[in-house]
Every structure is written in structure tokens, then in C-alpha cells.
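Read through the structure below, which is laid out as C-alpha cells, and then see the notes.
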Amino acid sequence: MKPTTPEAYKLFHDGTLALSRMEAHGINIHTERLAETIVSVSGQIDTIAKELHDSPEWEAWRKRFGMNAELGKRQQLGILLFDILGHTYPYEKKGDYTVDEKVMSTLNLEFCNLYVRMQKLLKLRSTYLLGIQSHITPDGLVHGTYSLTIPITYRSSAFDPNWQNVPIRDPEIGKLIRRCIIPREEHQLIEVDFKGAEVCVAACYHKDQRMLRYIRDGYDMHVGSAMHCFLIEKADVTKELRQHAKGAFTFAAFYGDWYKSMAVGLWGLIEKHGLKTKQGIPMQDHLRSRGIGRRGLCAPKGDTVEGTYEHVIQKAEHWLWKEEFTQYDKWKKDWYAEYQKNGSFHTLTGFTLHGPFSKNDACNYPVQGSAFHCLLWCLIEMTKEIAKQRKKTKLVAQIHDSILADVPTEEVDWYLATLNDIITCRLPEAWKWIITPMIAEAEVVPVGGSWFDKEEVNLGAIEYGHSRAIATPACVACAGSGTSTSGKPCTPCKGTGLKVG
DNA sequence: CAACAAAGCGCG
DNA sequence: AAAGCGCGCTTTGTTG
């Protein structure tokens with residue numbers, strides 16, 4: 001570990017203590033519900049396995065591999081799909097066939113769709129349901145472990161079990177495990193996270209004026225991406241299209257992906273989800289009407305041809321870096337050149353990273369690390385605040401840019417107001433390099449609910465001891481009061497109490 | 001048999 | 001120069 005400044009050392013020293021307290025608290029599990037869920041998911045797996053075993057595909061599988069045939073053997077599945085059944089393999093073959101979810105979904109076969117579903121349920125059962133169950137202690141709690149020394153980026157990692165990768169993106173899968181994770185008696189689970197943590201921290205490094213303005217104004221930069229990725233007008237950007245453009249284009253590009261790979265990803269999403277325009281026209285038809293009839297080869301060395309989706313994304317990439325965020329683009333170039341000169345670089349939070357790094361690594365690591373350090377600083381402050389004010393609230397998990405707490409119902413408003421203040425006011429006061437607003441978002445589990453049942457709450461409507469509705473747009477940080485809890489003028493709104501952006 | 005690698009997939 | 005980054009966990013496949 002190489003914290004270069006005393007502040008960096010102290011951050012990890014205090015952070016280690018805060019995290020170990022978190023480990024000791026543990027997370028409460030609904031053990032009976034977990035056991036029931038394991039039975040029910042096992043039933044679903046058996047049902048799907050039976051269906052697969054009744055299919056003509058299994059007939060062929062069995063014929064080829066005889067007694068060795070097993071659904072779990074992906075090598076066999078690859079040979080079955082592409083050698084025996086003659087489906088087109090979407091890549092250049094080297095070694096075994098890749099038979100992951102992406103490949104399977106492009107084939108559009110009932111057999112493959114069922115297979116993917118079964119794999120998801122198997123993953124849920126072994127890694128999460130059984131995995132978490134195996135860590136339950138006699139007190140009915142699960143005490144995971146965190147490390148600040150493993151990740152090369154100076155982030156944290158988590159294990160036994162890993163609380164940082166509990167399913168949520170697939171709502172059905174997420175529900176099955178998260179329903180088993182519950183608050184203590186008379187408590188409520190609360191998850192608070194940073195809005196756009198890595199985008200904000202990246203902006204503190206590259207200081208791209210246009211992006212800084214977007215962040216401060218609350219401008220939605222993913223709408224522009226959707227317009228370029230799907231060749232649509234601003235008014236026709238739906239929530240779904242925006243979401244896919246955000247994940248598969250904007251963020252992918254920020255992390256250093258390039259257009260050929262993004263084109264493959266986006267094209268796959270169009271097919272997998274059957275994406276449509278706002279008018280309900282299938283995306284492929286819409287693109288065809290705009291002269292885009294096929295994906296394009298997307299081969300690393302192949303030329304990009306007009307009339308392909310690959311070419312669309314190439315132009316979108318050009319727009320993003322050469323028109324939209326030109327200063328960010330230049331920062332990457334300069335930052336990497338500086339790293340090549342020195343063989344190392346420093347983070348804004350006082351850590352040094354030594355090579356060898358690719359350009360993407362050198363540009364991504366400091367952002368990933370510093371974004372986490374913002375969270376860790378707030379975690380430490382909140383831990384101190386709980387002790388100082390003798391609160392019963394327990395911080396129970398940390399997930400890169402969010403904190404999960406188990407909060408007695410009577411402390412809920414206090415907790416939300418205090419943590420909100422730490423994130424939005426005290427953090428940017430403590431670290432002057434933060435030049436974007438820091439915004440907190442909170443989700444609260446209603447009484448009697450589980451982690452699955454978390455609901456967004458409006459932090460602007462929370463004050464100490466009670467909640468109130470806000471009539472005029474108020475600053476989210478200080479709820480319109482203009483002062484932070486430390487008594488100083490609120491930082492984001494500069495003491496005006498008015499909504500920022 | 002154990003130890004390790006690779007594939008695959010879960011999260012931010 | 002490389003072709004998104006970081007992690008942990010489970011399963012299958014390989015090696016000695």
C-alpha cells in the first residue's frame with residue numbers, strides 16, 4: 001500500500017477501523033425465508049432442466065456425447081450449437097466456442113433462452129442463496145469482510161460473503177435474494193449513495209468545462225448519446241433508449257471502450273430487448289429507413305463501411321470526444337503522457353500508483369479510487385457522528401459508492417439529514433479539489449420490509465426529527481435552510497437555500 | 001488427489 | 001498501444 005500523504009494514510013487507518021466496526025455489526029437475515037427460497041428456486045431449476053431434457057436439442061446433445069452429456073458442460077453446448085446444429089457463430093473461432101449470455105441471446109432459440117434462465121437461477125442459488133446461508137452465524141447475522149489492500153485502484157473489496165455484488169439488475173433474481181435481507185427488529189434499512197460519483201470525480205481531474213457545466217446544471221448528458229446512437233431527435237429519446245445509451249455508450253466510452261466494441265454491444269441490446277422507437281417502430285426498421293441495414297463486421301482491423309451500425313457508432317464516438325467533451329479527451333492524452341514520463345501518478349486523495357499501466361488503466365484507476373475515497377471519508381465521519389451522539393444506528397455494508405445502514409425507526413430522519421450534510425457540505429469543505437456539487441440519494445425500506453423493498457426518498461424534504469413537504473425548489477443539501485449542520489453557510493447553494501442547477 | 005486456470009457472471 | 005475498468009465466487013477442465 002502506498003498512501004503518499006499523511007491524509008491518505010489517515011483515511012485508510014480510520015477507514016479500516018470504520019469498516020471493521022461494520023463487519024462486526026453484520027447484516028440480519030430472514031433465515032426461514034431464505035430456506036424457503038432455496039427450495040422454491042431449486043424447484044424452478046428442476047422444471048427448466050426437465051424442459052431442456054425434453055427438447056430436440058437435448059436429443060442431439062445426448063446422441064453426440066452419450067453418457068457424458070450434461071447440461072452444465074459448456075464445451076459440449078458450444079459444439080452442439082455451432083458444429084452439430086449448424087448455427088452461425090458470431091465470432092472468429094479460437095479455442096472453445098464462447099457460449100455466454102450475449103452469444104446465446106443472439107441465437108434467438110427457445111432452448112437457449114431457457115438455458116440462460118436456468119444459469120441465472122443456478123448462479124442465484126449457489127453464489128447468493130447458499131453462499132450467504134453458509135455464512136450465517138448463530139446470532140442470525142452475516143458478517144462479511146472488507147479489504148483496503150487488495151484493489152490496485154485503492155478501492156475496497158469484499159468477501160465471505162461479498163456484499164458488493166448482490167443481484168439487483170435482473171429484478172426477479174434480485175427480489176429472491178434481497179427479500180431475505182432484512183432490518184433488525186424496530187429498524188429500517190437505508191441505502192445512501194452518491195449521484196454520479198465517478199462522473200463527478202472524473203470531472204475534478206479533467207475539468208472539462210462543458211461537462212462541469214452539465215453536472216452543475218443537472219443537464220442530462222445521456223440524451224445526446226441516445227440521439228447519436230439511435231439516430232433520433234431529442235424529443236424521441238425514451239427512458240429505455242437513454243438507459244442503454246448511458247450504459248453501453250457514454251460510460252463505456254468514458255472508461256476507454258472504442259466504437260467497434262460498443263457497436264457490437266448496442267446492436268446486441270437492440271436485438272435482445274427488441275428496442276423500439278418512441279413511435280413503436282422496431283429499431284432495426286427505423287435504422288433501415290435511415291440507410292443502416294446491418295451491423296457491420298466490427299472486426300478489429302476491418303474497415304468501417306458506410307451504411308453499417310458500426311459506422312453510426314464511429315460517428316457517435318467522434319461526436320463525443322471531438323465535439324462534446326474535447327477537454328476530457330485532451331486530459332486523457334496528457335495524463336497518459338505524464339504517466340509514461342514518470343512511471344507513476346498521484347490521485348487527488350494522496351495515493352501513488354506505480355505502473356505498468358495501459359492508457360485506459362492510467363486514466364481510470366485514479367477516478368475509481370478517488371470516488372471511493374469520497375465515500376470512505378463520509379463513512380468515517382458518519383461512524384464518528386453515531387458514536388458521538390450515542391445513536392443506535394448501525395452501518396452494515398459499503399458498496400463502492402453507497403452505504404447501507406440499519407437504523408432504528410426513530411433515528412431515520414436524523415440519519416438521513418446527517419449523512420446528507422456530510423456528503424453534500426462537509427466533504428467538499430474538507431477536500432478543496434472537489435469542484436462539482438456532491439449530491440446524495442437515499443432509499444429507505446418501509447417498516448416490515450426487506451432490502452428488496454427500498455424506496456427512494458426526497459432528501460430535500462427531510463429535517464431533523466420530522467419530514468416536511470417543500471413548496472419551492474430548495475437546495476437538496478441544506479433543505480433550503482442555507483446553513484449546514486456545522487453552522488457554516490451551505491456549500492452547494494452558497495448559503496442561498498435555493499436549488500442548485 | 002489437489003492445485004490451478006479459464007469461463008462465466010454478479011455488482012459498482 | 002490497445003481495443004472499457006475494478007473486484008469475488010462457482011463450476012468445469014487441465015495438470016502433475
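Chain letters run A, B, ... following the sequence lines, proteins first, then strands; residues in each count from 1. Scope of the values below: all heavy atoms of this structure, side chains included, with no hydrogens, waters or symmetry mates.
Note on A:K123: a base of the nucleic acid sits closer than 4.0 angstrom, heavy atoms only. A:Q75 comes within 4.0 angstrom of sugar-phosphate atoms only, judged by non-hydrogen atoms across all strands, and of no base. The residue A:T98 sits close only to the backbone: its heavy atoms come under 4.0 Å of sugar-phosphate atoms, none of a base. A:D160 comes within contact range of the sugar-phosphate backbone alone, with a heavy-atom separation under 4.0 Å but no base atom that close. Using a 4.0 Å heavy-atom distance criterion, A:D361 is classed as a sugar-phosphate-only contact. Backbone-only engagement by A:P167 is indicated by non-hydrogen atom pairs under 4.0 Å involving sugar-phosphate atoms exclusively. Among the atoms of the strands shown, only primed sugar atoms or phosphate atoms (P, OP1, OP2) are found under 4.0 Å from some heavy atom of A:I150. As judged by a 4.0 angstrom heavy-atom cut-off over every strand, A:I168 is placed among residues touching the sugar-phosphate backbone only. Within 4.0 Å of A:V99, counting heavy atoms only, lie sugar-phosphate atoms of the nucleic acid but no base atom.
Among the nucleotides C:dG6, C:dC9, C:dG8, the one closest to the side chain of A:Q368 is C:dG6. Residue A:D100 places its side chain closer to B:dG8 than to any other of B:dG12, B:dG8, C:dA3. If you check B:dG8, C:dC9, C:dC5 against the side chain of A:N162, the one that comes closest is C:dC9. Taking the side chain of A:F159 as heavy atoms from C-beta on, and the options B:dG8, C:dC9, B:dG10, the nearest nucleotide is C:dC9.
For A:R155 and B:dG12, a side-chain-to-base donor-acceptor distance below 3.5 Å is present, hydrogens and geometry of angles not being considered. For A:R169 against B:dG12, a side-chain-to-base donor-acceptor contact under 3.5 Å is present.
Taking the six-membered ring where tryptophan is involved, the planes of A:F357 and A:Y339 are tilted, since the angle between them lies from 30° to 60°.
Checking the phosphate oxygens (OP1, OP2) of B:dC11, no side-chain nitrogen or oxygen of A:W163 falls inside 4.0 Å.
In this structure, the NZ atom of A:K246 is 12 Å from the C1' atom of B:dG12, given to the nearest Å. Between A:L148 atom CG and C:dG6 atom C1' there is a gap of 14 Å when expressed in whole angstrom units.
In the helix from B:dC1-C:dG16 to B:dG12-C:dC5, the rotation axis of the first five pairs and that of the last five pairs differ in direction by 10°, rounded to 10 degrees.
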